[in-house]
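Have a look at this one.
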Amino acid sequence: MRPIIAAAALILAAGGALAQPVAPGPTLAAVRAKGVLDCGAHPGAPGFGATDSQGVYRGLEADICRAMAAAILGDPAKVRFTVLTSQARLPALQSGQIDVLPRTTTWTQTRDTANGLNFTAVTFFDGQGFLVRKASGAQRAKDLDNATICVTSGTTNELNLTDWGRSTGIRFQPVVFEQPTETVNAYENGRCDALSTDASQLAGIRTGLGRPDDHVVLPDIISKEPLAPSVRHGDDQWFDIIRWTIFALVGAEELGITQANAEAMLKSPNPEIRRLLGEAGDHGPLMGLDRRWAYNAIRAAGNYGEIFDRNLGQASPLKLPRGVNDLWTRGGLMYGMPVR
């Protein structure tokens, strides 16, 4: 009987220890000390990250970064966006210039291992496609044999084009540029027959062209492009904070918690809602955060569905369907891990 009592005492002691706030790790401590979250930003990807006419950086990834700032610092305004080229984005994270990289970066095995990064959770499932002029007559990707294709260097898009050409036998001439804006300008000015990048970005690029109706995104997808925020290796607490903030936004949509009703939901009897919003349990303190970490994130940016709709969906100029980026309960791939 005594061993059983002793074991029970150890379990209770362990449970009490878990309920105590965890000390901040190096990244969380540094972010709190400077009072701002540094996020890597895209030079201009409509719907994901781009500066509007008032100079405000907007997009799905911009809103997710603001949600992170709210979860960590309690204020979505305490965020600083650093615009980075495709070549500079990974070194900027590795060197500590930024704290997190939510900027349209595909999760690949090499980036996740050899580059000293950890990808947290997918915020958008994408795939590479092609934008062409309707006048070209191209209906499918196979029609681009002997075409010139504009692409940005230092991206998976550049590598995917090479793989696609080798696997299909289609010959093409890549026209490579360092900046995405240079790539788009070259295509619009007729320096290449097609432009290739993630299909969602192509939809945004098309809307920004002088004559959008003269261009079309081909139906073919030639790659998997899971876009996910990444952090540096070596700080598991920071990895948990970023990953679970994303899960919280997806989980909020599953539970019907919105930016507008989050405060009212604090009174919900639903145990899942109470845990997510910090009314029950110590899930925030387990990561060194306030109990209201997820509530703060949702109040700042809304749930994942709201963020998607505002920037990419029906409330945006792009009007992209949710597709695989819908909730798992509606046939999509978005799945918030349980907070319990």
Side-chain angles (χ1 to χ4, degrees), residues 14-40 61 63-76 78-79 90 93-94 96 98-103 105 107 111-113 115-124 226-255 257 272-301 303-304 307 334-340:
L18 285 174
Q20 300 303 311
V22 173
T27 309
L28 178 58
V31 169
R32 283 179 173 165
K34 64 185 176 179
V36 66
L37 176 68
D38 282 300
C39 290
E61 290 163 349
D63 281 349
I64 287 176
C65 194
R66 290 188 178 97
M68 292 173 184
I72 297 161
L73 298 169
D75 186 349
K78 292 183 177 179
V79 60
L90 301 186
L93 180 58
Q94 293 162 335
I98 57 174
D99 305 308
V100 59
L101 179 64
R103 172 220 184 281
T105 302
W107 186 346
R111 288 174 174 171
D112 202 10
T113 55
N115 289 331
L117 306 181
N118 278 330
F119 285 82
T120 53
V122 175
T123 54
F124 191 87
L227 307 181
S230 56
V231 296
R232 290 179 292 279
H233 275 175
D235 191 339
D236 287 347
Q237 181 192 62
W238 188 248
F239 172 82
D240 288 341
I241 288 170
I242 301 302
R243 177 173 61 173
W244 281 98
T245 300
I246 297 167
F247 287 156
L249 298 176
V250 177
E253 184 181 8
E254 295 177 10
L255 293 168
I257 306 170
E272 288 185 87
I273 293 175
R274 291 178 60 79
R275 286 193 297 269
L276 181 62
L277 298 183
E279 287 295 289
D282 296 288
H283 302 287
L286 288 173
M287 302 183 293
L289 302 181
D290 185 88
R291 285 178 175 81
R292 293 283 178 87
W293 62 283
Y295 169 83
N296 291 337
I298 298 160
R299 285 282 290 168
N303 63 43
Y304 177 81
I307 294 171
M334 284 296 169
Y335 188 109
M337 302 305 166
V339 175
R340 66 175 310 118

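Numbers here are sequence positions counted from 1. Worth saying up front: this structure is predicted, and the values here are computed from it rather than measured.
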Where do Asn118 and Phe239 come nearest, in terms of heavy atoms and distance?
->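 Asn118 and Phe239 have their closest heavy atoms at CB-CD1, 3.6 Å.
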Kindly say whether Ile257 contributes a backbone atom to a donor-acceptor pair with the side chain of Asn303 at under 3.5 angstrom?
->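 Yes, because the side chain of Asn303 sits within donor-acceptor range (under 3.5 Å) of the backbone of Ile257.
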Any idea which heavy atoms bring Trp293 and His283 closest together, and the distance?
->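 Closest pair (atom of Trp293, atom of His283, distance): NE1-C, 3.9 Å.
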Return the set of residues passing side chain to side chain donor-acceptor pair (under 3.5 Å) with Asp38 (not counting sequence neighbours), or none when no residue passes.
->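 Scan of Asp38 (side chain to side chain donor-acceptor pair (under 3.5 Å), adjacent residues dropped) gives Lys34, Arg80.
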Would a distance-only check, ignoring hydrogens and angles, find a side-chain to backbone donor-acceptor pair under 3.5 Å from Trp238 to Asp99?
->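 At least one qualifying donor-acceptor pair exists.
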Partner set under side chain to side chain donor-acceptor pair (under 3.5 Å) for Arg274, not counting sequence neighbours |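 Listed in chain order: nothing, the list is empty.
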Test item: Arg103 side-chain N/O and Gly40 main-chain N/O as donor-acceptor pair under 3.5 Å |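 No, the answer is negative, given that no donor and acceptor are paired below the 3.5 Å cut-off.
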Taking only residues two or more places apart in sequence, or in another chain, which ones meet Asp112 in a side chain to side chain donor-acceptor pair (under 3.5 Å)?
->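 Result, side chain to side chain donor-acceptor pair (under 3.5 Å) vs Asp112: Trp107.
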Which residues satisfy the side chain to side chain donor-acceptor pair (under 3.5 Å) test with Arg232, sequence neighbours excluded?
->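 Partners of Arg232 under the side chain to side chain donor-acceptor pair (under 3.5 Å) test: none.
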Return the set of residues passing side-chain contact (heavy atoms from CB on, under 4.5 Å) with Ala297 (not counting sequence neighbours), or none when no residue passes.
->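 Here the qualifying residues are Ala67, Ala71, Thr245, Leu249.
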Indicate the atoms forming the closest heavy-atom contact of Ile298 with Ala252, along with that distance.
->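 That closest heavy-atom pairing would be CD1-CB, 3.6 Å.
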Compare all side-chain heavy atoms of Ile246 with those of Pro229 and state whether any distance is below 4.5 angstrom.
->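 A side-chain contact under 4.5 Å exists here.
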Is the backbone of Ile307 close enough, under 3.5 Å, to the side chain of Asp63 for a donor and an acceptor to pair up by distance?
->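 Pair absent, no side-chain N/O of Asp63 close to backbone of Ile307.
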Under 3.5 Å, is there a donor-acceptor pair between the side chain of Gln94 and the main chain of Gly116?
->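 Not confirmed, Gln94 side chain does not pair with Gly116 backbone.
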Residues in side-chain contact (heavy atoms from CB on, under 4.5 Å) with Asp75, at least two apart?
->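 In terms of side-chain contact (heavy atoms from CB on, under 4.5 Å), with neighbours along the sequence ignored, Asp75 is linked to Ala77, Lys78.
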